[in-house]
Each structure stands twice: as structure tokens, then as C-alpha cells.
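Chain letters run A, B, ... following the sequence lines, proteins first and then strands; every chain starts at 1. Bear in mind that the values here come from a model prediction, so they are computed numbers and not experimental data.
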Amino acid sequence: MSFWLFKSEPGEFSIDDLARKRSKTEHWDGVRNYQARNFMRDEMRKGDRAFFYHSSCAEPAVVGTVRISREAYPDHTAFDPDDSHFDPKSNPKQPTWFMVDVKLQERFDRPVTLAELKRYADRELAGFRLLARGNRLSVMPVTESHWNFILSLR
DNA sequence: GCCAACGTTGGC
DNA sequence: GCCAACGTTGGC
């Protein structure tokens, strides 16, 4: 089993939005970065666990965990001209973009903020990609030790 | 293949 | 709103 982190702007899709979905499950659409796509398409497996991270907001933070409930399949929003993630160059017969389904596992009682994570950047969280300078990946792997340490902060 | 221009991300 | 970082685009 592998561990991951998904970023989402809470104004777009928050962990509370996920909690309101039927079966607390939703597809993770809109990823339009090749490295992030490759992680989802090639490496994510059903049952893998991931952090739900709120970005571009007042308090950036890890706010909970999800499980991968369906492995990668084509992201239909890439073919929809009315969707904000529409990609005119993508082709349904040879999809470029993929998504997975995620199911809410735990909504933390207390968010683990980016500010808090940074305090451990040179120790327990050394090498954590979220803290790397200039990091912009919206989907990234998390090591098991980083996973366990962040869970210990909640 | 190079690289400048441009758009996006995301913290602050 | 600002700005640094980075990915993508497109001319050459």
C-alpha cells in the first residue's frame, strides 16, 4: 500500500464537500499536470491512502484522509467544453487525463496546518515534497514515515 | 533542441 | 494583490 497527498482549494472542493457526497465518495477530476497524472494513472492502487490538503486559502492544512476506492480511468471533464478543466487537445479515444475515486476516511478534528508542518521540515519531515521550495504538484507521494508522523500531529 | 514569453500555482 | 517558481507554448 502506498501513501499520497491531494491538494484542493477548499473554495473549489473541500473535505466537507466530500463528506456530503453519496457514500462520501467522489472522483478526483481536473488534474492537468503530467507528473501528477502519472502518479494517479500508473502508481495509485485501490486501497491506497491519501491526505486531503487545503491549498490557496486562509489556513493551508492537511484536513483529513481518504482511501482510493477506484483506480485511474479517463477524466471526462477534459472532453466537456463547458467545464473549467476542458482540454481541447485531448481525445476521448486516447485520453490524456485520468482521475481516481476517493472515499473519505477521516476528517481531522483539528487541521494540521502548513505552518505546523514546516516546524519539522528539517527533522521528521525532511524531504517531504509539500515543503519543498517551489512545490506545485497537486498530487504527490508521501513516505510511510511522513504519513505516520503527520497522523501523530492530528 | 533552445529559450523567451506567458500562464498558473500557491504562500504570504 | 504580490511575487517567486515552475510548466507549457511556440518561434526559430
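Checking Trp28(A), Phe52(A), Phe51(A), Phe13(A) one by one against Phe6(A), the ring-ring contact (aromatic ring centres under 6.0 Å, His included) holds for a single residue, Trp28(A). Each of Ile15(A), Leu151(A), Val63(A) was evaluated against Phe108(A); a single residue qualifies, Leu151(A), per the side chain to side chain contact (heavy atoms under 4.5 Å, CB included) test.
The nearest pair of heavy atoms linking Val62(A) to Leu117(A) is CG2-CD1, 4.1 Å.
Note on Glu144(A) versus Arg49(A): no salt bridge recorded, every NZ/NE/NH1/NH2 to OD/OE distance being 4.0 Å or above. Between Arg37(A) and Asp75(A), none of the side-chain N atoms (NZ, or NE/NH1/NH2) sits under 4.0 Å from a carboxylate O, so this pair counts as no salt bridge.
Shown for residues 110-118 of chain A: residues whose heavy atoms fall under 4.0 angstrom of DNA chain B, namely Leu114(A), Lys118(A). For DNA chain C, the residues of residues 31-41 of chain A within the heavy-atom distance limit of 4.0 Å (strictly under) are Tyr34(A), sorted by number. Within residues 76-100 of chain A, no residue has a heavy atom under 4.0 Å from DNA chain B.
For the ring pair (Phe, Tyr, Trp, His ring centres under 6.0 Å) test, no residue two or more places apart in sequence or in another chain qualifies with Phe86(A).
Contacts classified as salt bridge (Lys or Arg N to Asp or Glu O under 4.0 Å) and involving residues 15-24 of chain A (residues at least two apart or in different chains) are given here: Asp16(A)-Arg107(A), Asp17(A)-Arg20(A), Lys21(A)-Glu26(A).
Without hydrogens or angle criteria, Asp48(A) side chain to Ser2(A) main chain gives a donor-acceptor distance under 3.5 Å.
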* Intermediate values then yes/no, salt bridge (Lys or Arg N to Asp or Glu O under 4.0 Å), Glu106(A) and Arg67(A) -> CA-CA 9 Å; Glu106(A) 177 186 357; Arg67(A) 265 187 200 281; over 6 Å; no
Interface polar pairs with nucleotides 2-5 of chain B, N/O, under 3.5 angstrom:
none

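One atom, CG of Asn135(A), and another, C1' of dT8(B), lie 14 Å apart when rounded to the nearest Å. At whole-Å resolution of the value, CG in Leu131(A) and P in dC12(B) are 10 Å apart. Here the C1' atom of nucleotide dT8(B) and the CD atom of Glu9(A) are 10 Å apart, to the nearest Å. Nucleotide dT9(B) holds its P atom 12 Å from the CG atom of Leu137(A), rounded to whole Å. Going from atom CD of Glu59(A) over to atom P of dG11(B) covers 12 Å, rounded to whole Å. When rounded to the nearest whole Å, the span between CG of Leu5(A) and P of dT9(B) equals 16 Å.
The local environment of CG in Asp42(A) is crowded, with over 12 non-hydrogen atoms from other residues, nucleotides or ligands closer than 6.0 Å. Applying the 6.0 Å contact sphere to CD of Gln105(A) captures more than 12 heavy atoms from other residues, nucleotides or ligands.
A close approach under 4.0 Å does occur between a side-chain nitrogen or oxygen of Lys7(A) and OP1 or OP2 of dG10(B). Neither OP1 nor OP2 of dT9(B) sits under 4.0 Å from any side-chain N or O of Tyr53(A).
For the pair Arg70(A) and Tyr73(A), the cation-pi criterion (under 6.0 Å, within 45° of the ring axis) is fulfilled.
Checked by atom type, the side-chain pair Asp87(A)/Trp97(A) shows a donor-acceptor distance below 3.5 Å.
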